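Quick notes on the structure that follows.
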Amino acid sequence: MFDRRLTWKPSDSSAGAEPTARRWFGRPLVALGVPVLIAALGGVVLTSQAALAGQDAPAVTCTLTVPAEPLSAKGLATPYRLEAPCHEADAGSAAFVQATIIDPATGAVSVYDPLVIDAGSRPAAPPTPPKLPAGAVVGIWFGFNGDDLRLAGDHGSLAAGMCVNGEAGSIFGQFAYCNAPALFSAANTAIAAGRLGVPALGTAADGRPCPTTRDFGLVDMDQSDNVTTTYLVLADGTTAQNTAANRAALARRGARVEVNGSDNALLDAHVFPALGCTPYRAPDLADAGAPATSLALNELQAAAHQAAPVALVPTSDPMTKAGDKQSVAKTNLYRAGVGQPAIDARAETPKVYCANLLQVGTERIELDRSLTVRAPSPDPEAANSLFTFLAQRFSGAYDALDCPRLLRTKNPVTVTTDAKGVAVSARLTVPPHPSASPSHSPTRPASASASPSAAAPVSTSPPATRQPGHSAEATRTTTTAPPQTTVQTTQPPQTTVHTTQPPATTQPPPPVHTTAQAAHPVQTGQAGAPGTTGTDGTGVRTATTATTPAAPAVADPPGGTGAPTGGVKGANADVPGLAVDAMRLKDPKHTTAALTGASLASTTIGVTLLVGGAIGCIAAIVHAVRRNRGRYFPAPDTATTRISPW
């Protein structure tokens, strides 16, 4: 860099001419303005990325092709094909298939998990052909870790299997089934004839009956969905049935166990072990008769033994809505696939469902805190223990079902997450027990003088005995007073429930493909309800201050607890030497109300760069104008000397 002095004197001939040095007028602006403009653009990008981080991720929609003759032994042993661009090895777009079989003559029940592979690929190990009894009735269910799973046919397989993906133009989402009502009907007939005995629930370590998939202490926004099927996934992306033989043969090839984020898997592989309960199992026809769980077995046990109030799929379930509208027809179609009776629209309202969810759900989760807080989280990326996982899941379900508006009651759960969005603690407000009578007495109808904010109208169904109650522990936080009564839904039969076989649906619309996500998005609802978490300066969401003194806190385990160690041999035992995928929270459509620590950092940096860029641009312009001012307004008839910055 050097100085170059330029001297010029305006004259008549040159007064209107620009001096040579004037071409350098823009140099200061270029020198200072360009970098700050780049910084400002960087701020825009970072701020935009941070904003997108708080929005819904693109929906994961995949198509699964059902093989020909799906209800036959040959069809069960034929791999289902997950169509591109989705991949079975991708935890966020993996699909799962599960079959339950009953022999009508003997009442014997068995399980078989058909394999899913990527279209155009081969299995890592050939599926084991099942041996079906003569006249066997087969039901098939589907699970999915993405958002929407569309079934596609192969040589009329959807009609042959009497497969139901939802209503025309409105699929369920993660759930579908083939011939399920026929399976439940055959099972109920065998139960009534004494050929099939459904095991009792047993008593949990908390002194209550073990929960079921129809227990308000377990259900969430979309109950009774997904399956307990697990697969082996190899490093090359190929898959195999999770059997003892395949585990031994494929362990050296880096096989890992892939699981379906499922109500059923949550119950069988996580809640039951924590509470000292045993799931209903049947021989696995693919795994040399080893005991295995299934969706159908869980629903049969729930139908036989779940005490009132019984949680049945509501019309507010997102999977049973037609668009944004509730649909009784679609809800009944879903219920038929899980062995539940048709809805009584007058008594089984979303408000009644919310009232029971609030009363029973918070009570059971808080009661079991000391047991579940020590149990590993099904998804360590979402919560650090089974307790925080269940609390987070309940919180999301309560909001997603619109319970705060229906009950005029705030979300009873306050979740605290760390900078990574992992739930590390939770506080629950347990509603006062609706009756001062002994805990085992039936629930009394609500009086006519109940508060206007009472949870819901009293069911007109015959009186039913409520689940045994307990004296709840003191709560850790308090929100708006919840309803003072527990409202019961219509009590379904406690013995057998017969469903009507729905007509076979037509072929679904052409598959809609989207790019699969690298990982299943966390189902928040589950990540803290709007209005119940805040954010401090470090990016950690903190609990809202309570108005009532909190009870002594039960220490939550620090940090994550790692992947579950139990629940996965087939579906529910240890798998030595194999990595196990964490069970993802189910609902990827629901988003967090607050930004994570990373997105907060991006927002802060972006705003800083934007402000700095704007200031820098203004400073550069002012500097350039002041430095070159004399060139445009020189004193008349005087010599002017300027020093070039170059």
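Every value quoted in this text rests on a predicted model; they were computed, and no experiment measured them. The analysis underlying the following values was restricted to heavy atoms, covering all of them including side chains, and did not include hydrogens, waters or symmetry mates.
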Under the ring pair (Phe, Tyr, Trp, His ring centres under 6.0 Å) test, which residues partner Tyr112, sequence neighbours left out?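 Ring pair (Phe, Tyr, Trp, His ring centres under 6.0 Å) check on Tyr112 returns nothing, list empty.
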
Ion pair [X]/[Y], N-O distance below 4.0 Å:
X	Y	result
Glu381	Lys420	no
Arg364	Asp368	yes
Asp154	Arg81	yes
Arg214	Asp263	no

[Y] and [X] side chains, donor-acceptor separation under 3.5 Å:
X	Y	answer
Asp317	Gln223	no
Asn260	Asn145	yes
Ser327	Lys321	no
Glu69	Ser157	no
Asn242	Arg247	yes
Asp379	Ser377	no
Glu258	Thr230	no
Thr100	Ser294	yes

Rounded to the nearest 0.5 Å, what's the gap from [atom1] on [X] to [atom2] on [Y]? Could you check?
X	Y	atom1	atom2	answer
Asn264	Thr229	CG	OG1	10.0 Å
Leu267	Asp215	CG	CG	9.0 Å
Leu234	Arg252	CG	CZ	14.0 Å
Asp287	Asn246	CG	CG	8.5 Å
Glu348	Thr315	CD	OG1	9.0 Å
Thr320	Arg335	OG1	CZ	9.0 Å

Glu83 and Thr63: CA distance, side-chain angles, deciding distance, side chain to side chain donor-acceptor pair (under 3.5 Å) verdict: CA-CA 6 Å; Glu83 305 295 337; Thr63 299; over 6 Å; no

For a ring pair (Phe, Tyr, Trp, His ring centres under 6.0 Å) check, start with the C-alpha distance between Tyr231 and Phe96, then their side-chain angles and the critical distance, and finish with the verdict. CA-CA 8 Å; Tyr231 295 127; Phe96 301 81; 5.4 Å; yes

Has [X] got a side-chain atom pairing as donor or acceptor with [Y]'s backbone, closer than 3.5 angstrom?
X	Y	value
Gln98	Leu295	yes
Ser262	Val227	yes
His305	Gly202	no
Gln241	Asp113	yes
His87	Leu82	no
Asn179	Val138	yes
Arg393	Leu218	yes
Thr78	Lys74	yes

Can you tell if the side chain of [X] reaches within under 4.5 Å of the side chain of [Y], non-hydrogen atoms only?
X	Y	value
Asn226	Gln174	yes
Val66	Leu158	yes
Phe387	Ile365	yes
Ser170	Lys330	yes
Val111	Leu285	no
Leu64	Arg150	no
Leu76	Ile140	yes
Thr189	Pro104	no

Smallest separation among heavy atoms of [X] and [Y], with atom names:
X	Y	answer
Ala176	Leu151	CB-CD1, 3.8 Å
Asp103	Pro133	OD2-CB, 3.6 Å
Leu401	Asp220	CD1-O, 4.4 Å
Ala68	His155	CB-CB, 4.3 Å
Val60	Gly92	CG1-O, 3.7 Å
Ala336	Pro181	O-CG, 3.5 Å

Relative to the ring of Tyr353, is the ring of Phe216 parallel (under 30°), tilted (30 to 60°) or perpendicular (over 60°)?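 Perpendicular, since the angle between the ring planes exceeds 60°.
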
Side chain to side chain donor-acceptor pair (under 3.5 Å) contacts in which one or both residues fall within residues 126-142, not counting sequence neighbours: none

After noting the C-alpha distance and the side-chain angles of Glu88 and Thr239, does the key distance pass the side chain to side chain donor-acceptor pair (under 3.5 Å) rule? CA-CA 8 Å; Glu88 188 61 19; Thr239 57; over 6 Å; no

Stepwise side chain to side chain contact (heavy atoms under 4.5 Å, CB included) test for Tyr80 and Leu115: CA-CA 6 Å; Tyr80 286 65; Leu115 181 64; over 6 Å; no

Worked check of side chain to side chain donor-acceptor pair (under 3.5 Å) between Gln301 and Thr212: CA-CA 7 Å; Gln301 190 173 44; Thr212 75; over 6 Å; no

For a side chain to side chain donor-acceptor pair (under 3.5 Å) with Asn298, tell me which candidate from Thr293, Asp268, Thr228 qualifies. Asp268

Taking the six-membered ring for Trp, are Phe175 and Tyr334 ring centroids under 6.0 Å apart?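 Distance test on ring centres: under 6.0 Å, yes.
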
Walk me through whether Cys210 and Phe272 qualify under side chain to side chain contact (heavy atoms under 4.5 Å, CB included). CA-CA 8 Å; Cys210 292; Phe272 271 178; 4.0 Å; yes

Go through the steps to decide whether Gln340 and Glu299 satisfy the test side chain to side chain contact (heavy atoms under 4.5 Å, CB included), and finish with yes or no. CA-CA 8 Å; Gln340 295 180 5; Glu299 292 296 335; 3.9 Å; yes

Decide yes or no on side chain to side chain contact (heavy atoms under 4.5 Å, CB included) for Glu167 and Leu333, but give the supporting numbers first. CA-CA 8 Å; Glu167 285 188 316; Leu333 199 62; 4.3 Å; yes

